[in-house]
Protein chains: 2
Amino acid sequence: MSGQAAVSFHQRIYGDIERRVLTGELRPGDRIPSEHELMAVYGCSRMTVSKALTALAAAGMIERRRRAGSFVARPRIERTVMEIQDFAVEAARAGRSYAYRLLARRIEPLAEPEGSAFPVPAGTEVLRLDGLHQIDGVVMALERRSVMLDAVPHARDTDFTTTAPGRWLLQQVPWSDAVHVISAGLADAATARLLGVDKGSALLILDRETRQTALTITQVRLIHPAALYRFVGHFNPGNG
Amino acid sequence: MSGQAAVSFHQRIYGDIERRVLTGELRPGDRIPSEHELMAVYGCSRMTVSKALTALAAAGMIERRRRAGSFVARPRIERTVMEIQDFAVEAARAGRSYAYRLLARRIEPLAEPEGSAFPVPAGTEVLRLDGLHQIDGVVMALERRSVMLDAVPHARDTDFTTTAPGRWLLQQVPWSDAVHVISAGLADAATARLLGVDKGSALLILDRETRQTALTITQVRLIHPAALYRFVGHFNPGNG
DNA sequence: TAGTGGTCTAGACCACGGG
DNA sequence: CCGTGGTCTAGACCACTAT
């Protein structure tokens with residue numbers, strides 16, 4: 001009766017739930033079957049179910065509340081890297097005003113494989129969004145974003161004139177993973193004008209490509225005036 | 001028989017071992033008592049001990065091997081951020097040559113609270129090390145480091161003329177945590193000359209302050225030519 | 001081969017908190 | 001109240017591997 005399929009019982013339960021979360025079948029806030037229900041489903045003891053759910057909670061994928069049950073957590077990326085990039089939240093914390101201003105919006109077929117090489121079917125349509133993040137009227141970042149419309153078709157009908165697409169996308173696409181590249185550069189004339197800095201001044205640039213199960217959702221480049229922005233990260237041996 | 005001290009049994013075991021690792025009483029590679037030994041020490045069942053050790057392993061603090069036992073793991077920071085910064089490893093992987101060249105070495109009392117504000121007792125002596133990281137003869141980074149000699153007294157007698165201090169320090173000080181700040185800037189004349197780039201070119205700068213239990217070990221600034229270096233990070237909801 | 005971790009059980013009592 | 005998770009037990013068998 002013991003599992004012998006090269007993968008242990010609790011690992012199978014863990015993997016099943018993880019997959020359902022990653023694919024979006026279970027979305028943030030959704031309830032996960034209780035331990036007793038999972039005992040019946042998998043035909044194992046409560047300890048084994050508990051081990052899987054405890055590990056999922058430790059990994060930040062679910063949250064468990066007594067009497068209420070277990071629920072899919074919000075993606076951790078929203079709580080770490082995004083916190084650095086969520087200007088609205090930053091501004092609110094500091095008691096300052098935040099505004100997003102859309103500069104350009106267009107839909108075009110994806111022709112040139114710009115930026116990093118990522119596998120996209122030919123003919124894919126992409127929504128290009130350029131905008132400025134301003135705090136107290138000062139431009140903190142120029143955002144140049146591409147949204148793959150086959151991955152997020154709802155974006156086609158969404159108005160981004162005052163709503164930053166970052167948060168909107170996080171609500172639309174559950175549980176993604178992302179590659180971040182941080183680099184530096186110099187402001188050309190056009191960028192300098194948009195950011196309100198001198199031509200030739202230093203820029204801090206964050207490129208992020210967000211995927212969901214090998215499917216690219218969005219690519220974004222956030223261009224910050226080096227004088228106004230830094231990335232701060234805390235690392236310890238336990239949580240990376 | 002049951003723990004009632006507001007903290008559960010496995011949490012106490014977890015915390016005890018964690019503390020011994022963080023304080024350096026247990027160092028990377030050291031063996032942790034076996035589950036049976038810990039059962040006797042704490043007077044609890046093997047499942048409870050196992051829960052604590054499994055959690056420590058999941059957190060990356062220990063590694064468990066059948067028949068051999070459980071051992072203190074190498075700090076994760078060495079496996080993530082350091083991998084990006086360990087030029088010797090990067091060069092070896094790419095089949096290219098690596099060299100570290102010491103530019104300056106001096107010991108001085110810590111007077112000005114340079115860089116970030118960190119609490120250091122007055123009169124603390126600090127070892128200043130400036131050096132260049134070169135790959136195939138090209139300068140990839142200028143490193144400016146401060147080592148707190150009361151935290152790492154052995155550094156006073158160590159020769160850093162060809163050995164990069166980063167790896168050496170990792171071996172000396174087990175299990176630290178660190179704050180990273182990534183920024184951008186422009187090369188002044190002196191920096192440009194050392195890096196072999198034009199004055200006014202873009203720089204990518206990483207500042208890292210490494211601590212151990214609230215005691216600062218070392219501060220380092222790695223200054224990269226923006227054209228030669230980027231930071232790449234992979235994030236997913238599970239591992240942050 | 002023997003010691004170690006990996007897994008699992010079939011219960012139990014307790015703490016919390018929503019209804 | 002009572003369903004949920006949190007914790008714990010006293011075993012058991014198995015898999016791996018250092019010796």
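In the text below, chain A, chain B and the rest are named by the order of the sequence lines, each starting its count at 1. Computed from a prediction, not measured in an experiment: that's the story for all the values here.
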Looking at [X], I'd like to know whether one of its side-chain N or O atoms comes within less than 4.0 Å of OP1 or OP2 on [N].
X        : N      : answer
Arg64(B) : dG6(C) : yes
Ser8(A)  : dG6(C) : no
His10(B) : dC8(D) : yes
Gln11(B) : dT7(D) : yes

Whole-Å distance between [N] [atom2] and [X] [atom1]?
X        : N       : atom1 : atom2 : answer
Tyr42(A) : dT7(C)  : OH    : P     : 16 Å
Glu37(B) : dT4(C)  : CD    : C1'   : 10 Å
Glu35(A) : dA15(C) : CD    : C1'   : 14 Å
His36(A) : dG3(D)  : NE2   : C1'   : 9 Å
Leu38(A) : dT9(C)  : CG    : P     : 13 Å
Met39(A) : dT9(C)  : CE    : P     : 9 Å
Leu53(A) : dT4(D)  : CG    : C1'   : 12 Å
Ile13(B) : dC8(D)  : CD1   : C1'   : 11 Å

Where the side chain of [X] is defined as all heavy atoms beyond and including C-beta, which of [options] is the nearest nucleotide?
X        : options                  : value
Arg66(A) : dG5(C), dT9(D), dT4(D)   : dT4(D)
Arg46(B) : dG17(C), dA12(D), dC8(D) : dA12(D)
Thr48(A) : dC8(D), dT9(C), dG5(D)   : dT9(C)
Ser50(B) : dC8(C), dT7(C), dG5(D)   : dT7(C)
Arg67(B) : dG3(C), dT4(C), dC16(C)  : dG3(C)
Ser70(A) : dT7(D), dG5(C), dG5(D)   : dG5(D)

Requested in this report: Find which nucleotide of DNA chain D each of Lys51(B) and Met47(B) is nearest to by heavy atoms, and output the residue with the more 5' nucleotide.
Outcome: Lys51(B)
Report task. Could you tell me whether the side chains of Asp136(B) and Tyr98(B) share a donor-acceptor contact shorter than 3.5 Å? Result -> no
Report task. Please check if any side-chain donor atom of Arg211(B) sits under 3.5 Å from a side-chain acceptor atom of Thr216(B), or the reverse. Result -> no
Please list every donor-acceptor pair under 3.5 Å in which a side-chain atom of residues 163-174 of chain B meets a protein atom from a residue at least two apart or in another chain.
unit_1	atom_1	unit_2	atom_2	d
Arg167(B)	NH1	Asp86(B)	OD2	2.2

Query - Closest-nucleotide ordering on DNA chain C, the 5'-leading residue of Gly43(A) and Arg65(A) - result: Gly43(A)
Report summary line: Taken to the nearest 0.5 Å, the spacing of Arg46(B) CZ from Glu35(B) CD works out to 4.5 Å
Requested in this report: Specify whether His133(A) and Phe87(A) have parallel, tilted or perpendicular ring planes, treating 30° as the upper limit for parallel and 60° as the lower limit for perpendicular.
Outcome: tilted
